J.: 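A single structure is presented below for examination.
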Amino acid sequence: MLQDKKILYSGMQATGTLTLGNYLGALKNWVTLNEQYECIYGVMDLHSLTLRQEPAQFRKNARSLYALYVAAGLDPEKNCIYFQSHVSGHAELSWILSCFTYMGELNRMTQFKDKAAKHADNINAGLYTYPVLMAADILLYQSDVVPVGVDQKQHLEITRDIAGRFNAVYGDVFTIPEAYIPKTGAKIMSLQEPQKKMSKSDENVNATIYLLDDKDAILRKFKRAVTDSGSRVCYADDKPGISNLMDIYSCITGKEYDAIEREFDGKGYGEFKLAVGEAVADSLKPLKARYEELLKDKAYLDSMIKNNDEKAQYYATKTLRKVQKKVGLTERIR
Ligand code: TYM
């Protein structure tokens, strides 16, 4: 479709500010895998509508997310980075795929159950069919690989099931995508409740590191991170707090767990937490600086957005027309 390279596709919701979990579980790996694949990254603003958004802030967040992708090292001249809502094919394919998705399957989605429990006053149909739109995102671009954190694994599985079901009826229309889930960092936990995933919407400000936090905030949050009984830095199931910090440190420095254990042998939790905080703050510093610069250069971002929207629209339309034809919708008259 594009070049000889396989296609990598991923995206993030355009709500709030990215967290260290989003970065280590996904964005950082997008940058690492970038050269090997033809890459397409979406700012998933349609998915964000499943929760109520304040329009002006939402627009700002979506643009900020675009800039963060670029600041993290994704070159918008080499990668197709675009807004999901600018390509109408997502919603169109989503409708068709929803007719190939069973309610029984959607009922099993753990993220739906979690979000429905958290937002009991707004369990809308969009929240329920969210995985179908995600399947449409991925399948529209004939994606081979989708790098995500472990919380998205079930959504990738349903995408594969929907694609397989469609292909079984109509022939090889969709590429069946594979999830790419990193060995470390696939599930970064809250700094305050290490049994819980680090999340954008945590009410406890000390639980989450945001990518745009300043160094003082990062150091303070790590200093306050909940640790476990004992004092030895080692990776263990009964030490979720320290194990989470080791995961973070390992992702940032590339060091294995045993090397980290040796490095902090005989040193206490306090010293380790400070080292993790320093490593995280230092590694995010260039990203923040680049982000600030980008936001000032409106003309550059605008031109990248325009070019890439057109590219995405082109690829998406190709698949969409094929699907429409296969299911028997009347062809356009030219
Ligand atoms: P979202 O916006 O919730 O999260 C974006 C990415 O960050 C990963 N992630 C984490 N990884 C490790 N530890 C954490 N604590 C953590 N929190 C989040 C997520 O796994 C994800 O990879 N449904 C998707 C967005 C989406 C999408 C797509 C992704 C829409 N369409 C098509 C891939 C392909 C989501 O809500 O991600």
Side-chain angles (χ1 to χ4, degrees), residues 7-31 33 39-51 61-62 64-65 68-69 72 81-85 87 89-91 93-94 97 109-112 114-115 118 126-127 129-160 162-163 177-202 207-211 240 244 247-248 250-251 312 316:
I7 296 165
L8 179 151
Y9 185 91
S10 204
M12 300 200 183
Q13 289 200 64
T15 24
T17 314
L18 291 193
T19 70
L20 187 63
N22 295 133
Y23 182 64
L24 299 181
L27 188 53
K28 195 165 176 284
N29 306 308
W30 299 0
V31 178
L33 294 168
C39 299
I40 308 175
Y41 305 105
V43 170
M44 301 309 189
D45 48 1
L46 294 176
H47 276 108
S48 309
L49 291 175
T50 51
L51 299 180
N61 286 342
S64 157
L65 181 58
L68 273 175
Y69 286 179
I81 309 178
Y82 75 102
F83 288 88
Q84 183 190 31
S85 63
V87 178
H90 289 257
L93 183 61
S94 179
L97 295 182
M109 295 292 115
T110 55
Q111 204 158 72
F112 170 71
D114 292 348
K115 288 198 176 167
K118 217 165 145 188
L127 200 60
T129 57
Y130 180 113
V132 186
L133 179 59
M134 183 158 160
D137 302 335
I138 296 168
L139 300 178
L140 206 46
Y141 298 89
Q142 304 292 352
S143 315
D144 294 286
V145 62
V146 183
V148 283
V150 79
D151 61 344
Q152 297 300 316
K153 191 166 172 245
Q154 204 183 24
H155 290 162
L156 256 295
E157 281 160 8
I158 193 174
T159 299
R160 289 166 58 88
I162 297 169
E178 300 274 348
Y180 172 95
I181 295 175
K183 274 208 269 339
T184 45
K187 193 171 186 187
I188 299 296
M189 310 308 271
S190 150
L191 296 188
Q192 289 299 310
E193 292 169 82
Q195 297 80 3
K196 218 174 90 178
K197 191 182 77 164
M198 182 181 283
S199 139
K200 277 178 187 168
S201 54
D202 205 308
T208 305
I209 302 286
Y210 294 100
L211 291 196
N244 185 39
D247 253 346
I248 294 172
S250 170
C251 283

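All residue numbers in this chain count up from 1 along the given sequence. All values reported here derive from a predicted model rather than from experimental measurement. Each ligand, and each atom within it, is numbered from 1 in the order the structure gives.
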J.: Which residue supplies the protein heavy atom nearest to atom 2 (O) of ligand 1, what is that atom called, and how far is it?
T.: Gln13 N, 2.9 Å
J.: What residues form a side chain to side chain contact (heavy atoms under 4.5 Å, CB included) with Ala136, not counting sequence neighbours?
T.: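 Leu93, Ser94, Leu97.
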J.: Is ligand 1 under 4.0 Å from a heavy atom in the side chain of Leu133, in the backbone, in both, or in neither?
T.: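 It is neither; nothing of Leu133 touches ligand 1.
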J.: Check ligand 1 against Gly185 and write out every atom of the ligand that is under 4.0 Å from a heavy-atom position of the residue.
T.: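 Listed by number with element, the hits are 12 (C).
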J.: Does ligand 1 have an atom under 4.0 Å from some heavy atom of Ser143?
T.: no
J.: Mind telling me whether Tyr9 and Tyr141 have parallel, tilted or perpendicular rings, with 30° and 60° as the class edges?
T.: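 Tyr141 and Tyr9: parallel rings.
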J.: Taking all atoms of both residues into account, what is the closest heavy-atom pair of Asn61 and Ala14, and its distance?
T.: CB-O, 3.5 Å
J.: What pair of heavy atoms forms the shortest contact from Thr19 to Ser199, and how long is it?
T.: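 That would be CG2-C, 4.0 Å.
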J.: Identify the protein heavy atom lying closest to atom 37 (O) of ligand 1, giving its residue, its atom name and the separation to 0.1 Å.
T.: Gln152 NE2, 3.9 Å
J.: What distance do Leu46 atom CG and Phe83 atom CZ have between them, rounded to the nearest 0.5 Å?
T.: 11.5 Å
J.: Given Pro177, Gly21, Cys251, Ala179, which has its nearest heavy atom closest to atom 14 (C) of ligand 1?
T.: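 The nearest heavy atom belongs to Gly21.
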J.: Please indicate whether any nitrogen or oxygen in Met198 is less than 3.5 Å from any nitrogen or oxygen in ligand 1.
T.: yes
J.: Could you see which bit of Met44 sits under 4.0 Å from ligand 1, with heavy atoms only: side chain, backbone, both or neither?
T.: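 The part of Met44 near ligand 1 is the side chain, not the backbone.
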J.: I need the atoms of ligand 1 closer than 4.0 Å to a non-hydrogen atom of Ala26, numbered in the order shown.
T.: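 Checking each atom against Ala26, I get 6 (C), 7 (O), 22 (O).
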J.: Where's the contact between His47 and ligand 1, heavy-atom distance under 4.0 Å: side chain, backbone, both or neither?
T.: side chain
J.: What protein heavy atom is closest to atom 20 (O) of ligand 1, reported as residue, atom name and distance in Å?
T.: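 In this structure, atom 20 (O) of ligand 1 has Asp151 OD1, 2.4 Å as its nearest protein heavy atom.
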J.: Which part of Ala186 is near ligand 1, with near meaning a heavy atom under 4.0 Å away: side chain, backbone, both or neither?
T.: backbone
J.: Before giving the answer on side-chain contact (heavy atoms from CB on, under 4.5 Å), spell out for Asp202 and Lys196 the whole-Å C-alpha distance, their side-chain angles and the decisive distance to 0.1 Å.
T.: CA-CA 10 Å; Asp202 205 308; Lys196 218 174 90 178; 3.4 Å; yes
J.: What heavy-atom pair brings Lys197 and Met189 nearest, and what distance separates the two atoms?
T.: N-CE, 4.0 Å
J.: Got an N/O contact under 3.5 Å between Gly149 and ligand 1?
T.: yes
J.: Which residue owns the protein heavy atom closest to atom 23 (N) of ligand 1, what's the atom, and how far is it?
T.: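 Nearest neighbour among protein heavy atoms for atom 23 (N) of ligand 1, to 0.1 Å: Tyr130 OH, 2.7 Å.
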J.: Verify side-chain contact (heavy atoms from CB on, under 4.5 Å) between Lys200 and Asn22, making sure each step is shown before the conclusion.
T.: CA-CA 9 Å; Lys200 277 178 187 168; Asn22 295 133; 3.5 Å; yes
J.: One residue to check: Asp137. Relative to ligand 1, which of side chain, backbone, both or neither has a non-hydrogen atom less than 4.0 Å away?
T.: side chain
J.: Just to confirm my output: which protein heavy-atom neighbour is closest to atom 15 (N) of ligand 1, and how far is it?
T.: Ile188 O, 2.8 Å
J.: If the cut-off is 4.0 Å to any non-hydrogen atom of Gly25, which atoms of ligand 1 fall inside it?
T.: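 Near Gly25, meaning under 4.0 Å from one of its heavy atoms, ligand 1 has 11 (N), 12 (C).
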J.: Is the Trp30 ring parallel, tilted or perpendicular to the Tyr41 ring (thresholds 30°, 60°)?
T.: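 Trp30 vs Tyr41 ring planes: parallel.
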J.: Please classify the Ile138 to ligand 1 contact at 4.0 Å (heavy-atom distances, strictly less than): side chain, backbone, both or neither.
T.: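 Side chain only; the backbone of Ile138 stays clear of ligand 1.
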J.: Determine, stepwise, if the pair Ile248 / Asn244 fulfils side-chain contact (heavy atoms from CB on, under 4.5 Å).
T.: CA-CA 6 Å; Ile248 294 172; Asn244 185 39; 4.2 Å; yes
J.: Of the protein's non-hydrogen atoms, which lies at the shortest distance from atom 4 (O) of ligand 1, and what is that distance?
T.: Asn22 ND2, 3.3 Å
J.: Does either side chain, that of Lys115 or that of Thr50, offer a donor lying less than 3.5 Å from an acceptor on the other one?
T.: no
J.: Looking at atom 25 (C) of ligand 1, what's its closest protein heavy atom, distance included?
T.: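 Going atom by atom, the protein heavy atom closest to atom 25 (C) of ligand 1 ends up being Gly11 O, 3.7 Å.
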J.: What distance separates Ile7 CD1 from Ile138 CD1, expressed to the nearest 0.5 Å?
T.: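 Here the interatomic distance stands at 13.0 Å.
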J.: Near Met12, which atoms of ligand 1 are under 4.0 Å from a heavy atom of that residue?
T.: 2 (O), 5 (C)
J.: Using a 4.0 Å cutoff against the non-hydrogen atoms of Val146, which atoms of ligand 1 qualify?
T.: 33 (C), 34 (C)
J.: Taking all atoms of both residues into account, what is the closest heavy-atom pair of Ser48 and Thr15, and its distance?
T.: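 That would be CB-CG2, 3.9 Å.
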